[in-house]
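Only one structure is covered here, and it is reproduced in the block below.
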Amino acid sequence: MEHIKLHDKFFKPYIQNQIIELSVKKVAEHINEDYQNVDTPMFLVTLNGAFMFASGLLRHTDFKCEMAFIKVSSYDGTSTTGQVTEVIGLDRPVKGRDILIIEDIVDSGLTMYNLVNKLKEEGAASVRIACMFFKPGAYRFRDSMKIDYKAMDIGNEFIVGYGLDYDQLGRELQDIWVVDPDYDGKDGNWK
Ligand code: IMP
Ligand code: MG
């Protein structure tokens, strides 16, 4: 089987681009139904990972929206409150706005949980989440936060491609590749 090497890890083919694009189109169709009567929602794209998902979605949405791009990072803090999310680059007020967060992948859910709460605290009228990939086995907020739109569920494995990276490599790949811990590269069949 074909493999690629990114830094110290080997990855094998996992999900073909055609399949991804079909799932993205389906998500866009749901979003089109739900946002038909919402006045100019704000699409909030989380950089860097969600750029490809966002552009895929927007090829199929059919209503007027505003775009904003932010960077978020979450930490499991050591204090009792525990969780900190930094939001970088949100340059517009969200008060009263209907927000659709566009995220690449939801793993534990911590990043989204903190971002949603922040946006609500700042007075957003509504906040929904659209993610490309969802890891149900890792998700920790089942009882408190709904993921409104997701293109695909995956297992607890680590993936790259379609915007997702392993330490900044792999974002440009059109297909999804998954870590292959059993491959040692000795047959030389990798690039
Ligand atoms: P969470 O806060 O645990 O939900 O983590 C979400 C973030 O972790 C995503 O926005 C990604 O940046 C990163 N992440 C989680 N799983 C993967 C993966 O399989 N590949 C690449 N990045 C991942
Ligand atoms: Mg991300």
Side-chain angles (χ1 to χ4, degrees), residues 3-17 19-21 23-24 27 43-58 67-79 81-90 99-121 127-183:
H3 282 77
I4 51 167
K5 190 174 190 226
L6 303 175
H7 300 296
D8 58 333
K9 292 192 197 315
F10 289 102
F11 294 79
K12 62 183 176 186
Y14 189 33
I15 308 169
Q16 282 188 342
N17 181 263
I19 313 257
I20 299 170
E21 294 296 345
S23 317
V24 171
V27 168
F43 281 15
L44 200 55
V45 183
T46 61
L47 296 174
N48 298 325
F51 73 94
M52 216 180 275
F53 177 41
S55 72
L57 267 184
L58 287 162
M67 304 287 302
F69 300 86
I70 55 165
K71 279 202 177 213
V72 284
S73 55
S74 286
Y75 312 94
D76 262 305
T78 48
S79 66
T81 48
Q83 300 151 358
V84 185
T85 290
E86 252 197 314
V87 181
I88 305 153
L90 184 58
I99 312 251
L100 179 64
I101 301 169
I102 302 187
E103 168 70 321
D104 50 4
I105 184 163
V106 176
D107 189 296
S108 70
L110 186 63
T111 311
M112 283 301 101
Y113 183 76
N114 290 327
L115 178 59
V116 166
N117 284 339
K118 239 182 186 138
L119 295 169
K120 285 185 177 161
E121 270 166 33
V127 183
R128 287 185 182 178
I129 300 168
C131 74
M132 180 65 225
F133 298 101
F134 179 61
K135 295 185 180 173
Y139 193 57
R140 290 180 4 211
F141 297 89
R142 194 155 287 111
D143 300 327
S144 46
M145 179 176 65
K146 192 174 142 215
I147 304 297
D148 303 276
Y149 312 96
K150 47 190 177 175
M152 281 187 182
D153 283 2
I154 60 163
N156 281 353
E157 58 258 307
F158 190 83
I159 59 171
V160 294
Y162 205 76
L164 289 161
D165 72 310
Y166 170 46
D167 203 5
Q168 301 309 329
L169 292 181
R171 294 193 197 279
E172 80 285 9
L173 300 165
Q174 299 297 306
D175 299 330
I176 293 294
W177 298 67
V178 63
V179 163
D180 185 354
D182 301 323
Y183 182 66

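Ligands are counted one by one from 1 in listed order, and the atoms in each one are counted from 1 as well.
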Report task. Could you tell me how the ring of Phe158 sits relative to the ring of Phe11: parallel (under 30°), tilted (30 to 60°) or perpendicular (over 60°)? Result -> tilted

Report task. Give yes if a backbone or side-chain nitrogen or oxygen of Val106 is under 3.5 Å from a nitrogen or oxygen of ligand 1, and no if not. Result -> no

Query raised in the report: For ligand 1, which atoms, with element, lie under 4.0 Å from some heavy atom of Glu103?
Result: 10 (O)

Query raised in the report: Which atoms of ligand 1 have any heavy atom of Thr111 under 4.0 Å away?
Result: 1 (P), 2 (O), 5 (O), 6 (C)

Requested in this report: Using a strict cut-off of 4.0 Å, indicate which atoms of ligand 1 neighbour a heavy atom of Glu157.
Outcome: 19 (O)

Report summary line: Per side-chain contact (heavy atoms from CB on, under 4.5 Å), Phe133 is matched among Ile15, Val106, Asp107 by Ile15

Query raised in the report: Between His7 and Leu169, is a side chain to side chain contact (heavy atoms under 4.5 Å, CB included) present by the stated rule, with each step listed?
Result: CA-CA 8 Å; His7 300 296; Leu169 292 181; 3.5 Å; yes

**Report entry** Ile105, Asn48, Leu115: member with heavy atom nearest to atom 9 (C) of ligand 1
**Finding:** Ile105

Query - ligand 1 contact on Asp104 by region, counting heavy-atom pairs under 4.0 Å - result: side chain

**Report entry** Shortest non-hydrogen contact from Glu157 toward Tyr14
**Finding:** OE2-OH, 3.1 Å

Query - Intermediate values then yes/no, side chain to side chain contact (heavy atoms under 4.5 Å, CB included), Lys12 and Tyr183 - result: CA-CA 9 Å; Lys12 62 183 176 186; Tyr183 182 66; over 6 Å; no

Report task. Pull out every atom of ligand 1 sitting under 4.0 Å from any heavy atom of Ile159, numbered as shown with elements. Result -> 18 (C), 19 (O), 20 (N), 21 (C)

Query raised in the report: Can you list the atoms of ligand 1 that are under 4.0 Å from a heavy atom of Lys135?
Result: 16 (N), 17 (C), 18 (C), 19 (O)

Query raised in the report: How far apart are the closest heavy atoms of Ile129 and Met145, and which atoms are they?
Result: CD1-SD, 3.7 Å

Query raised in the report: What residues form a side-chain hydrogen bond (donor to acceptor under 3.5 Å, both in side chains) with Lys150, not counting sequence neighbours?
Result: none

**Report entry** Side chain, backbone, both or neither: Met112 near ligand 1, heavy atoms under 4.0 Å
**Finding:** neither

Report task. Check if Gly109 has a non-hydrogen atom at a distance under 4.0 Å from any atom of ligand 1. Result -> yes

**Report entry** contact_flag Asp165 ligand 1 heavy-atom lt 4.0 Å
**Finding:** yes

**Report entry** Residue pairs passing the salt bridge (Lys or Arg N to Asp or Glu O under 4.0 Å) test where at least one lies in residues 167-177, sequence neighbours excluded
**Finding:** Asp165-Arg171

